[in-house]
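Reading through the structure tokens given below for one structure.
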Amino acid sequence: MNSFDWLAHMGIPQVDNFDIVEIKFKGGRKEYFRNVDYLSLNTGDPVVVDVPNGHHIGYVSLQGELVRLQMQKRKIRDDDNITRIYRIANQKDMEKWEEARNREMPTLYRCKQIVDELGLQMKMSDVEYQADNSKATFYYSAEDRVDFRELIKVLAGEFKIRVEMRQISLRQEAGRLGGIGVCGRELCCSTWLVDFKNVTTSAARYQNLSLNPTKLSGQCGRLKCCLNYELDTYMDAIKDIPQVEKPLQTEQGPAKLQKTDIFRKLMWFSYNNDNDWISITCDRVKEIQELNEQGIKVFNLQVDKSTDVEDLVAQSTRELELLDQKFAKNKKKKKKKKSPSNGNSPFPPRNGREENSPKPSPSNPRPEGKTTSNESKPSNQPKLEASGNQEKKTGGENRRRKKNRNRPNPKNGQVPNPPKAENKSTDSGNEKPESKRRFPPRRNQGPGNENKE
């Protein structure tokens with residue numbers, strides 16, 4: 001309920017200042033009083049003002065040019081009916097007013113008991129004592145007119161005070177009592193809202209809200225004031241949405257409107273009130289309505305003719321084929337990278353061999369870690385065939401050579417192993433290693449019939 005003076009920094013001369021001040025009382029009630037003595041007032045100062053049959057204390061809420069604008073808005077005339085401000089409240093005035101306010105709650109409880117005893121159809125909401133303790137104002141709410149003449153007599157005789165009854169609406173009652181709304185914030189009517197505008201159910205219809213009274217009503221029992229906050233925005237957005245007063249005629253059946261998304265400009269329809277809703281744009285709805293006015297039924301909500309459906313299917317299959325081709329090319333490229341061609345390989349074969357070189361027989365694998373000069377050049381190695389006469393002539397010399405050749409060399413990592421003799425087969429070009437012969441071959445024995453160790 002506080003107001004911000006956004007003209008205070010303009011430095012308006014004191015002579016030209018507006019002499020009427022806005023004063024706030026209990027429950028957010030605001031009235032206007034004239035500063036006749038030109039008191040130096042600030043926002044929030046307690047002042048003693050002139051009221052009928054006494055005086056009252058309130059707080060300064062607004063002053064200056066903004067008060068003139070507020071009076072024009074509320075259509076209050078600047079005439080002699082506006083009373084004056086006496087003075088700024090002192091300590092004695094504040095103590096006397098505090099004593100009067102302490103009587104408010106016990107008076108309210110006793111008043112509710114008297115109303116129940118008299119059987120009056122009214123609800124007491126608040127009591128406000130005047131600062132001079134000469135008058136009490138009782139605020140109540142009722143649906144019908146109430147005859148409270150007997151109630152005034154009883155209250156005046158019991159409390160020895162002048163009584164004033166004032167009827168307020170349910171919204172004003174909620175503003176005086178206060179509370180927390182469903183949004184989790186304090187009620188608008190008790191914080192900043194002053195003028196209560198009329199709220200109708202059409203505001204909920206324009207915003208596509210469910211017409212549930214328990215959800216649309218506030219703590220006062222009336223429609224929520226916040227329904228009017230965004231109503232203008234919805235009204236502007238609804239201008240581009242067509243009015244669907246009857247179902248859309250299609251070959252698949254009449255389509256009824258189920259829901260409308262105002263800001264996305266989408267409308268949901270269903271055939272024969274099915275659970276499957278189909279969303280289309282507002283422009284499409286206008287096209288169907290124009291064709292129905294001409295007596296033409298469209299095939300369905302998406303297309304006008306059945307041939308258009310075939311075109312859509314063909315287009316979708318074509319897109320799928322393009323995607324398949326795209327991913328197939330990527331797979332071929334990956335395979336080429338993993339297995340390059342043998343003939344055009346840029347890398348040399350391992351261990352200096354060619355790819356077409358003969359491989360050792362699996363039956364007689366080569367021992368690991370042995371490298372000899374005989375194995376490095378198998379094609380140039382002479383056959384170990386010699387006659388007995390030649391061995392006798394060069395017996396001692398050949399024996400020494402064999403010992404030196406077969407002696408292991410620990411520096412080169414060789415291990416003792418008898419030398420192997422290789423034989424070339426006539427059927428294939430592959431070379432097969434042979435084991436060492438214990439005795440020289442006979443004359444009538446071929447190289448393929450040698451005894452192997």
Pair Asp240 + Lys265: basic N to acidic O under 4.0 Å: yes
Side-chain ion pair, Asp79 and Arg77, N-O less than 4.0 Å: no
Side chain Ser279, main chain Trp268, donor-acceptor under 3.5 Å: no
Atom pair CD/CG of Glu99 and Asn133 - distance to nearest 0.5 Å: 8.0 Å
Donor-acceptor pair between Glu173 and Ser141 side chains, under 3.5 angstrom: yes
Closest approach of Gln121 to Ala142 (non-hydrogen atoms, all atoms of both residues): O-CB, 3.6 Å
Met105, CE: over 12 other non-hydrogen atoms inside 6.0 angstrom: no
More than 12 heavy atoms from other groups under 6.0 Å of OH on Tyr109: no
Leu231 and Leu227: CA distance, side-chain angles, deciding distance, side-chain contact (heavy atoms from CB on, under 4.5 Å) verdict: CA-CA 7 Å; Leu231 182 60; Leu227 292 176; over 6 Å; no
Separation of Gln167 CD from Gln172 CD (nearest 0.5 Å): 10.0 Å
Side-chain H-bond candidate by donor/acceptor type, Asp132 with Ser134, under 3.5 Å: yes
Contact summary for Asp276 and Ser270, nearest pair of heavy atoms: O-CB, 3.8 Å
Glu287 with Arg284: basic N within carboxylate O range, under 4.0 Å: yes
Worked verdict on Val49 versus His55 for side-chain contact (heavy atoms from CB on, under 4.5 Å): CA-CA 6 Å; Val49 296; His55 64 271; over 6 Å; no
Sub-4.5 Å side-chain heavy-atom contact between Arg205 and Tyr234: no
Closest approach of Gln63 to Leu41 (non-hydrogen atoms, all atoms of both residues): NE2-O, 2.8 Å
Atom CD of Gln243: over 12 foreign heavy atoms under 6.0 Å: no
Distance in Å, Ile23 CD1 paired with Thr83 OG1, rounded so as to fall on 0.5 Å steps: 9.5 Å
Expected output: side-chain His56 to main-chain Ala131 donor-acceptor under 3.5 Å: yes
Donor on one side chain, acceptor on other, Thr107 and Tyr129, under 3.5 Å: yes
Mutual orientation of the aromatic rings belonging to Tyr229 and Trp192 [parallel < 30°, tilted 30-60°, perpendicular > 60°]: tilted
Other residues, nucleotides, ligands: >12 heavy atoms within 6.0 Å of Lys259 NZ: no
Sub-4.5 Å side-chain heavy-atom contact between Lys326 and Asp324: no
Atom of Gln219, atom of Gly179 and distance for their closest heavy-atom approach: OE1-CA, 4.2 Å
Non-hydrogen atoms of Ile238 and Tyr206 that approach each other most closely: CD1-O, 3.5 Å
Stepwise ring-ring contact (aromatic ring centres under 6.0 Å, His included) check, Phe148 with Phe138: CA-CA 11 Å; Phe148 46 79; Phe138 293 83; over 10 Å; no
Lys/Arg N to Asp/Glu carboxylate O, Glu104 vs Arg101, below 4.0 Å: no
Face-on cation placement of Arg176 at Tyr139 ring, 6.0 Å and 45° thresholds: yes
Option from Arg103, Arg29, Lys26 for which salt bridge (Lys or Arg N to Asp or Glu O under 4.0 Å) with Glu128 holds: Arg29
Short side-chain to backbone donor-acceptor contact, Asn300 and Gln302, under 3.5 Å: yes
Step-by-step side-chain contact (heavy atoms from CB on, under 4.5 Å) determination, Arg74 to Gln70: CA-CA 6 Å; Arg74 297 185 180 185; Gln70 290 292 335; 4.3 Å; yes
CG on Asn272 to CD on Gln252, rounded to 0.5 Å: 10.5 Å
Heavy-atom pair with the smallest gap, counting every atom of Val199 and Cys225: CG2-CA, 4.2 Å
Neighbour count above 12 (heavy atom, 6.0 Å) for Glu251 CD: yes
Phe25 ring center within less than 6.0 Å of Tyr59 ring center: no
Side chain Arg264, main chain Thr281, donor-acceptor under 3.5 Å: no
Glu31 bridged to Lys24 by N-O distance under 4.0 Å: no
Basic-acidic side-chain contact under 4.0 Å: Arg68, Asp78: no
Test side-chain contact (heavy atoms from CB on, under 4.5 Å) applied to Val60 and Asn42, Val47, Ile85, Leu39, the passing residue: Val47
Polar contact flag, side-chain donor to acceptor under 3.5 angstrom, Thr214-Asn212: yes
Leu62/Val21 under side-chain contact (heavy atoms from CB on, under 4.5 Å): CA gap, chis, key distance, verdict: CA-CA 6 Å; Leu62 198 64; Val21 182; over 6 Å; no
Nearest-0.5 Å distance, CG of residue Leu216 to CG of residue Leu211: 6.5 Å
Gap between atom CD of Gln325 and atom CG of Leu322 - 0.5 Å precision: 6.0 Å
Other residues, nucleotides, ligands: >12 heavy atoms within 6.0 Å of Glu230 CD: no
Ion pair check, Arg84 and Asp50, cut-off under 4.0 Å: no
Phe196, CZ: over 12 other non-hydrogen atoms inside 6.0 angstrom: yes
Neighbour count >12 (heavy atoms, 6.0 Å) for atom CD, Gln113: yes
